[in-house]
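Let me begin by presenting the structure, written as structure tokens, before commenting on it.
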Amino acid sequence: LPAAHTGGCVTAGGDVSRAYGQNGAPQMGTLDENRARLEVRRSVFADCDVQQDANGGGGFGGAIQANLANLILEDPMVSEPEARGNGAGGGGVSVQGESVATIARTTFVRNTAGNAGGALHIGGSTINASLPIRWRGASVEVPRDQPIGAHVVLNRFPVIALLPPS
């Protein structure tokens, strides 16, 4: 079976239509009220993949894709996921669209993306990271003269807070 193009193992998406008044829906509630909630603790994501979409856009979030979401990711291992295709990002995890994520004590092992952020792609979101975060063998599959963040890519003014170990 073909892989999905977002969130190979898990995808969490909030109510974008209601949050922004799109697609004929009236704008209702705050961003926080419209965020999807996803909590993952002490879990392993192994060999989760996303592929290029039908329109030729790259996949995002080999293991997890969060878009307008409140994500808590504590003590996981994200092992050997891939985000494939032109412009693909976040081989392991992709956090986008005004999401708020807490990432704590996470291990990324051999994560791959077609373009950016082999392990983690963050776009227009707030990330609270609690150390340690471990990286082992992340890569991007672009020409050697154009590498874009083998481990982490930060796009569209993300807010990052590094918290003390808990």
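The distance from the CD1 atom of I103 to the CD atom of E74 is 11.0 Å, given to the nearest 0.5 Å.
Residues L68 and L31 are in side-chain contact: their nearest non-hydrogen atoms beyond the backbone lie under 4.5 Å apart.
G97 and S125 make their closest contact through N-OG, 3.7 Å (heavy atoms, listed as atom of the first residue, atom of the second, distance). Between A63 and C48, the closest heavy-atom pair is CA-CB, 3.7 Å. A pairwise comparison of heavy atoms in S17 and N23 identifies OG-ND2, 2.9 Å as the closest pair.
With 3.5 Å as the limit, one finds no donor-acceptor pair spanning the side chains of N70 and R35. With no hydrogens or angles considered, a side-chain donor-acceptor pair links S94 and Q65 at under 3.5 Å.
No donor-acceptor distance shorter than 3.5 angstrom exists from the side chain of N34 to the backbone of D32, with no hydrogens or angles considered. Of the possible donor and acceptor atoms, none in the side chain of N67 sits under 3.5 Å from a partner among the backbone N and O of G14. Checking side-chain atoms of Q27 against main-chain N and O of R18 turns up no donor-acceptor pair under 3.5 Å.
Within 6.0 Å of CZ on R42 lie no more than 12 heavy atoms contributed by other residues, nucleotides or ligands.
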Could you walk me through whether M77 and F45 pass the side chain to side chain contact (heavy atoms under 4.5 Å, CB included) check? CA-CA 6 Å; M77 177 181 282; F45 293 92; over 6 Å; no
Does D53 form a salt bridge (charged side-chain N to carboxylate O under 4.0 Å, His left out) with R84? I'd like the steps, not just the answer. CA-CA 9 Å; D53 68 22; R84 300 182 191 121; over 6 Å; no
Worked verdict on E39 versus R41 for salt bridge (charged side-chain N to carboxylate O under 4.0 Å, His left out): CA-CA 7 Å; E39 295 185 20; R41 293 184 169 88; 2.5 Å; yes
